[in-house]
Each structure stands twice: as C-alpha cells, then as structure tokens.
Amino acid sequence: MTSGTLVAQITDYANRADPYPLYAELRGTPVRREDDGSYLVSTYYEVRSLANDPRLSNDTGNRPAGYARPGQPAPESGLPPSFIFTDPPVHDRLRDTINRPFGPPHSPRFLDGLRGELAKTVTELLDAFEGKDQVDIVEDFSYPLPVTAICRVLGVPREDEPRFHVWADALASSIDPHSGEDGGPEKAQRARQDMGAYLIDLIETKRRHPGPGILSALAPDMTPADLEATAVLLLVAGHETTVNAISNTTLTLLRHPDLLQRFQKEPELAVPLIEEVLRYEPPVQFVPWTTALADIDIAGTTIPKGSPVWLMLAAANRDPKRFQDPDRFDPDRKDNEHLGFYTGIHYCFGAPLARIELHLAVPELFRRVKFSGLLEDPPPYRANAVLRGPRHLPVAIEGLTA
Amino acid sequence: MSADTDVEVLRRQGRIVVVGASLAGLRAAETLRDQGFTGSLTMIGDEPYEPYDRPPLSKQALLGRARPEDTALPRRRDIDAEWRLGVAAAGLDRDAKLVRLANGDTVPYDRLLIATGTRARPWFHPEEAALDGVFVLRTRDDSARLHRKLAGAVSRVLVIGAGFTGSEVASACRELGLDVTVAERGPAPLVGALGGVIGAVADRLQRKKGVDLRCGISVTALEGDEVGRLRRAHLSDGSAIDVDVAVVSLGAMRNTEWLAGSGVAAGPRGIACDAGCRVFDVNGIVTDDIYAAGDVARSPHPLFDYQFLALEHWGNAVEQAEIAAHNMICAGPDRRPHLWLPMFWSSQFGVNIKSVGVPSLGDQLVVAQGALAEERFVAVYGYRGRVIAAASFDGAKWLGFYEQQIAAGAPFPPEYRTVDRRTETLHPIDPAFPDPHLPTHGATVTLTGHSPSERRVAFVPAHA
C-alpha cells in the first residue's frame, strides 16, 4: 500500500464507522510523510510531544503556498482567524479575555450556574421519549442539549437555532480535509458570511443592551471582528463536538451490555466511563491544521520546516505503547490520560462545559431509559472525518422511568 | 538463602517503618501496598495530623478560600498502616535496627524510609521570634494561625525574605488588601532560584501590585511592646517600620538532627543517598535497609554533573517516594534510579511561575518565547552550551517541551523558530545569579524513556 492511500482511506466516508484498523496501520509509521509533504503523527508520545511543542503553529498562514489553510478566512473578508487558529501572543490574549466571563479564576461559578437549566433540558428531552418504542438518540437527545448549552453560554436566542444549525454544519465540514470534493469551501465561506452577519447584529444589540451570556460580557473588551470570530468558533464547536461525545457514549454502552448493566447499578462509574469514551471514541479524531515552524526531529524522522502536520488523536488514544489492550473499552482503566480534549495551550476551551453536559446527560439517560438495543449497527455517520460521530442513532426502547 | 528469597520474605512478612507522615511518606506507603507488600507498615509523624498538602497553605488557605484542615492529601488506596502521629522520631539505632521515638518507644524495622522533610528556618533571635505577631509558614497550624491573624485588624505585614514562600505570602496579603513590606537581602525577589534577570520581573510585578519591596536590605531586629506584641522592625539601612505582623520566610531546614550519631550521612544539607534512594553511611558506603525520599533526601543526578541535588519540590517528593518504595522491596536488578528533573511551580500576584531543570546552574539565559516586559515568557537557561533549565511566567504549558530539551542535552541557545519568538536572533545574557557556581567537567548525560520504570542513563559525548 502506498503512503498516499492511507490518508485517503481515513477520509473516505466508507471507513467512517470504523477507522480504527486504519489508525493501527498508521501507527506502524509513527511519523509518516504523505506524498504532498504533509506529516501524519499517530503514536501517543509523539502526538503529545508535538501538541506541546512551540515549534508547531496553529496559524495555517505559516504554510507554504499550495497547501490547504483551514481556519484562514478569505483575505478579502478582512476577518481575523478565530483563536484556535492563532499562536501566542495573539492566542493567549484572546483566550485569556474569553475565559474571563467563562471560567476560573474570574468566573468560577459561571458554568456551575448552568447546571439547573441543562438538567431541566435533559429531563424534558427524556420526558418526550414517553410512549415511544424507538428514538433517534442524535436528533432527540444528544444534539439538542449542547445546542441549548452553547446558546446559554453565549447568550444567543435558542429559537434562532435552526438558522445557525445549517451554518455550523457547513463550517464544521470545512476543517474536514476532503470537504473540497463537494464544494465545501465555497459553502463554508458563505455560511461564515451569513453567520457573521447574524452575529454582528446580535453583538451590536448586546453592546447596547447587555444580557446574560459571555458575548455581552466580552463586547466591551474585544474588537467586533475578534468577538464575531470567537462567537462563530464557539457556536460551531458547541454544535459539532459534544453531540458526538454523547452519541458515542450511548453507542459504546449499547455495544457493551455488560457494562451498561453495571453502570445502571453503579452510577459512580460515570466519571471513568465518560473519560474512557473520550479515549476510545474521541469526538475530534485528528487535528489536521498545525504547521512546523522549524525542522523537528521526532521518532527518527525530521519534519521539515513548513510542513503541514496532522496530529492523529484517535490513533494516539489507542497506542498500545501507552494504553494496555487499547481496543478494549475499559472504564476501569487506570491512568487514563487520553488526548480526547487535546493537550497544550490549545487544550479544548469547552472541556469543562462538555464534561458538565456529559455528566448531566449520560447517567440520566441510562437511569431513565430501558433500552432494548441498537436498530442499526453501525449507525449512519456524518460525513466529517475530523468531527466524527453518528448522524443518526436509532435505538429501540422498552420504557421510561420517571 | 539467596537475596531473592530474602526479598520474597520481606515482601510477605517484613516490617517497614516510614518516618515522616507527609506527602513522600504517604505516597511511599501506598506504593509499597500497591506492589504487593503485605508485611507490617508503621507511619511515624511528629505532627498530629494525617498527611496533608502544603502548597495551598501559602495560597488559598491564607485567603480563606480553603481551610487548612481541608488540605488532607487524597488517598490513592488503603495502606493498612499503624499510625504513630504526634510523636517525633528521636533516634536511629542501625545495629539494633530500630527507631527511637521522642516518648521513649522503639519501633523495629527491616526496612526504613526516612521522609522527615524540612521545617521553616526560624527567626535567628529566639526572644524576638517569640513575639506575638511573628510567624513562620510551613505547617497546617502555621497557616491557620497566620490566616486568623491576617483576617483581624492588621496595619502592616512585614515579609522577611522574598523567596517563593515569602512572595506568595506577600501576594496573599495584597489580595486581602493589606499593606505589606517585603525585605529581601538579595537584589531582587526569587533571585536565588531564578537569577537577577527574572528576579527583576518579579520585582516589577510586586511593586506594580502595591508591595513596598525593599531589596538589598535585611531586618536587623524585631521590636515588641511591653506585652510582647510585635510593634516595629529595624532594617539594615538604619530605618524602622511599624508592623504588627512579620512572616519569617528565610527558607527551610532539613530535619536530620534526630539522626545525629546514627552513622548515616545526614547533615544540614540533607541525607545523602544514591540514585536508588539508598542512604549512605558516614563512610560513603551505601546501606541496603535505609532509604530516603522527599525534601530531606539528596542524591546524585547525572544530568547535573552527578551533583547531589536536594529538591524541595512537590513532584520530586512523589516520584522519589515511589521509587524508594519500589526499591525497598525489590532485588538489585529490578531497582530503578530516581532521575527526576527538578520542577516546581508557584502562583503569586496573579501569575503562574514554573521552572524545570536547575536554573541556578545556568551560565546564560535567553528569552525564548514571549517578553519579560509583558510578564509572560519562557526563559531558557544554558550551561556550557546545552539547555539546563527553563522558567516561565504564565507559560507553564511549554515547559514539558523544554524538559525534553534538557533531558536530551539539547544545544543552547535554542536557535529554531517557535511561536511567540520576538526576535530573529536570540542573544544570550548572564542570568545574574548572585553566587556563580564553578564550572565543572564531565560527560553529558541524557535521560531516555517516558515513565520512571523505563528511564535509564545513556551517555553521549560532550558537545565539541
């Protein structure tokens, strides 16, 4: 097999349901050069090391001409990239500012304050299962909760959701390396503009009439363009990641009935169980948008300056050199320092929010719903290879307890 | 009987005594049980409390955000130990293999772990030290007392010594809205650990946060009123300031006095042990039944010219304890070396400070990322052309990378491009340590492997 075909297979939709054999093959060459000069890094210690390496940039503007530059708005748009696609010092300044209304040390109680409302959302979503014998976990449960959460966090009206759902999908697919095949970039650019226009209006309103949520809090401290880019990023991230984490947890548990039974008896299993899902089926499978700023020697290979570098988180999470019996789903695993939320300065900004959502959603779902099984296994997946997760997760249910 | 059989018997029914019931002692005990030790385990500690965590005592606990009594260390597992708390070890009899306690009891051992740590260096004048309002900060009780005092009516706090603890106390005082004077004998805060270049940043930071910082000054006397309350401090420049609280932060002293006359190599600088945590006797012969770990231990480190390093670092205590425990119940070939790279952190004046390696060995320094003026940077220290240490202000996440550079003996200065590099070329400068070390010779050594169990020494030729 030539080196070009493996990455093509990973991004090939036909392998979306189970990319793990491909990742295993990839780990055979921990740092693998693709024909186009990109490097795929797939083993745990190497991925972790590079994610923390100051010679690696998240600003794809550092890539030589000819390479894809995900995260870079079209120059004519005049828009800045969002903070995930920037390096320090810009990155640190933006992230520090955005963190102010969001988390400790300045706002240690902000996320905690959302619990009540999110728990209520979970209850309402599950109440709607009453009388049904089958549901789509994605549409009926794992999608609506994160949307509610991110709307609350930002202070975006929940009722506008159908509008930005479409934009978020289009934008998320633009970081998928093979989205170009179906006119993705143009679609994404358009979605970016539409969403931007919507948010500019909203931000202007927040500036004049501050309300709850971090957009109002940030409006005085950020340029409108930076705030808009941030809002777009957080809306997309809030739409496209936690939904997969909840769906993946449900799917994985339904595939492991013994653990499902145990979880119902031991609700305290939720913490290690959810962390194990983040290792076993990470919602962000790989990060294809970093670039080497200097020659980097790693695992016997030199990644030359300017090379695009893909960090294969899902492959690293199943590296047998780090995790014993890595293909086994094992919530009793000790020392589960997975890379599901990445590592280093770009560690998932929303991780604490995602954990709150998962811990509100998953235990309650399995406490209240009596499942009889998956109706489709594997379920149909979304097209996106990076933000991988089921598009639908039809399950048969036998009943609902209060 | 072979040595291996001995080890098997020891693991099954040996008697292990741990002197020092803090972080290192607890983690060692947990490791012993984890690795299958089923004999008897005795934990001896001079404080009445079960093991607790010290870093919050100079931070959250002073601010009242955590109560000192809530700092108990999380337990990794049940250790099934006999606890002898509130009674200090007073002596060691190597021939009889027993520890004598302050209350006269004796505790016999087959293997002994010494993890007695350090204590705060007291104010040099005992009568002045006894004044109401004069504090040191090391223990839970110290922290509780100081917190109570700071929560009352306090006009001005004097912090004596601007090392890490002193600076953290000053930071907490400012956060509490208290007026604080810091007197530091050296030219800047943190100068001993990080040098004058970084010290100047800490200096600016303290002044910006409203600290009355006086460097190059020592406190010559503390003066009380007729009822023994602290009223005034006299400084070496002839001035005096009115204070009602003084926090003496002059570093730590190693708790080795109880070992006097025992024949082990223990003194004011710590207890000398080999890289396997086995304690040396005074003749330089390694013992096989006495081990040391944590702040009190000092052991040779191949990355730093085999100099004996004694590290008052939280992470070092944990890892050294785990290795000591492992080696205590293993036969020779299974033993592991303790090759931890020194690493510590501090949080003060809203900044996270972190360091890896041994900055004070550095003969040159570059600011590799960020800028000193922004108080957000990574400074890299070089020693004879290789990277020996790094220190960051609000840049802790980068230090793992520099840790690898140190372990690999990477060349200094680091000339490759990185994010947040502010200059095209790095110009090394003198890090300005007050007491420059003497250059030494030796092969360059690198560490390899990712987990302690894999780490072994590998020699590489010295840089040309």
Side-chain angles (χ1 to χ4, degrees), chain A residues 43-62 83 85-93 95-96 99-100 104-106 108-109 290-299 302-307 316 319 321-324 334-335 337 342-347, chain B residues 30 34 59-60 63 65-66 76-77 171 175 322 347-352 356 367-378 380 387 390 392-405 407-408 410-411 414-422 424 426 448-454:
Chain A
T43 42
Y44 180 88
Y45 291 110
E46 282 68 27
V47 168
R48 189 179 69 175
S49 170
L50 285 173
N52 286 284
D53 193 319
R55 295 169 298 182
L56 212 63
S57 168
N58 267 33
D59 176 354
T60 49
N62 285 307
F83 70 91
F85 297 111
T86 62
D87 294 331
V90 173
H91 168 270
D92 294 3
R93 179 174 53 73
R95 189 163 165 151
D96 285 359
N99 190 55
R100 258 167 202 271
H106 295 93
R109 288 178 189 83
T290 74
T291 307
L293 293 177
D295 292 354
I296 300 175
D297 295 330
I298 185 152
T302 300
I303 301 175
K305 177 178 176 173
S307 308
D319 183 347
K321 287 206 177 87
R322 177 61 179 79
F323 298 104
Q324 214 176 7
K334 296 261 189 288
D335 186 27
E337 206 174 297
Y342 204 60
T343 172
I345 64 163
H346 295 285
Y347 181 85
Chain B
E30 290 166 341
D34 249 1
K59 307 174 184 79
Q60 296 89 338
L63 296 171
R65 288 193 197 135
R76 290 180 178 172
R77 55 163 297 138
S171 170
E175 211 166 324
E322 289 170 353
S347 89
Q348 48 181 281
F349 304 104
V351 173
N352 169 282
V356 60
V367 178
Q369 294 173 241
L372 298 178
E374 293 168 22
E375 286 137 24
R376 183 189 278 272
F377 61 85
V378 180
V380 179
V387 175
S392 63
F393 275 41
D394 280 347
K397 288 196 169 175
W398 297 118
L399 291 197
F401 169 77
Y402 292 101
E403 182 185 2
Q404 291 177 1
Q405 297 283 298
E415 274 162 354
Y416 42 79
R417 198 181 146 204
T418 67
V419 298
D420 210 8
R421 172 67 54 81
R422 302 301 176 88
E424 281 302 308
L426 292 171
T448 57
H450 294 289
S451 79
S453 59
E454 295 168 1

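Chain naming here is simple, since letters A, B, ... match the order of the sequence lines and numbering starts at 1 in each.
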For this session: Answer yes or no: does atom CZ of A:R100 have more than 12 heavy-atom neighbours from other residues, nucleotides or ligands under 6.0 Å?
Result: no
Exercise. Roughly how far, to the nearest 0.5 Å, is the OH atom of B:Y416 from the CG atom of A:D295?
Worked result: 12.5 Å
Problem set entry | Side chain, backbone, both or neither of A:N58 within contact of chain B (heavy atoms, under 4.5 Å) | neither
Exercise. Side-chain contact, heavy-atom cut-off 4.5 Å: B:R417 with A:N62?
Worked result: yes
For this session: Give a yes or no on whether A:R109 atom CZ has more than 12 heavy-atom contacts from other residues, nucleotides or ligands under 6.0 Å away.
Result: no
Problem set entry | B:Q404 side, atom CD; A:N52 side, atom CG - distance, nearest 0.5 Å | 8.0 Å
Problem set entry | Qualifying residues under salt bridge (charged side-chain N to carboxylate O under 4.0 Å, His left out), relative to B:R421, sequence neighbours excluded | none
For this session: Check the pair B:W398, A:D53 against side chain to side chain contact (heavy atoms under 4.5 Å, CB included), reporting the backbone distance first and the verdict last.
Result: CA-CA 7 Å; B:W398 297 118; A:D53 193 319; 5.9 Å; no
Exercise. Tell me, do A:L293 and B:V419 make a side-chain contact under 4.5 Å, heavy atoms counted?
Worked result: yes
Seminar exercise, completed: If you tally heavy-atom pairs under 4.5 Å between each of A:A292, A:S57, A:P88 and chain B, the highest tally belongs to A:P88
Exercise. How long is the span from the CG atom in A:D92 to the CG atom in B:D394, to the nearest 0.5 Å?
Worked result: 8.5 Å
Problem set entry | Side chain proximity check, B:F401 to A:R55, heavy atoms < 4.5 angstrom | yes
Exercise. If you tally heavy-atom pairs under 4.5 Å against chain B, which of A:P89, A:G344, A:P105 wins?
Worked result: A:P89
For this session: State, yes or no, whether a side-chain contact exists between A:D96 and B:R376 at a heavy-atom distance under 4.5 Å.
Result: yes
Exercise. Considering residues, nucleotides and ligands other than B:R65, do more than 12 of their heavy atoms fall under 6.0 Å from its CZ?
Worked result: no
For this session: With a 4.5 Å cut-off on heavy-atom pairs, point out which of A:S49, A:A294, A:P54 contacts chain B the most.
Result: A:P54
For this session: Could you look at A:I296 and say if it's the side chain, the backbone, both or neither that has a heavy atom under 4.5 Å from chain B?
Result: neither
Exercise. Any Lys/Arg nitrogen of B:D34 or A:K334 sitting under 4.0 Å from an Asp/Glu carboxylate oxygen of the other?
Worked result: no
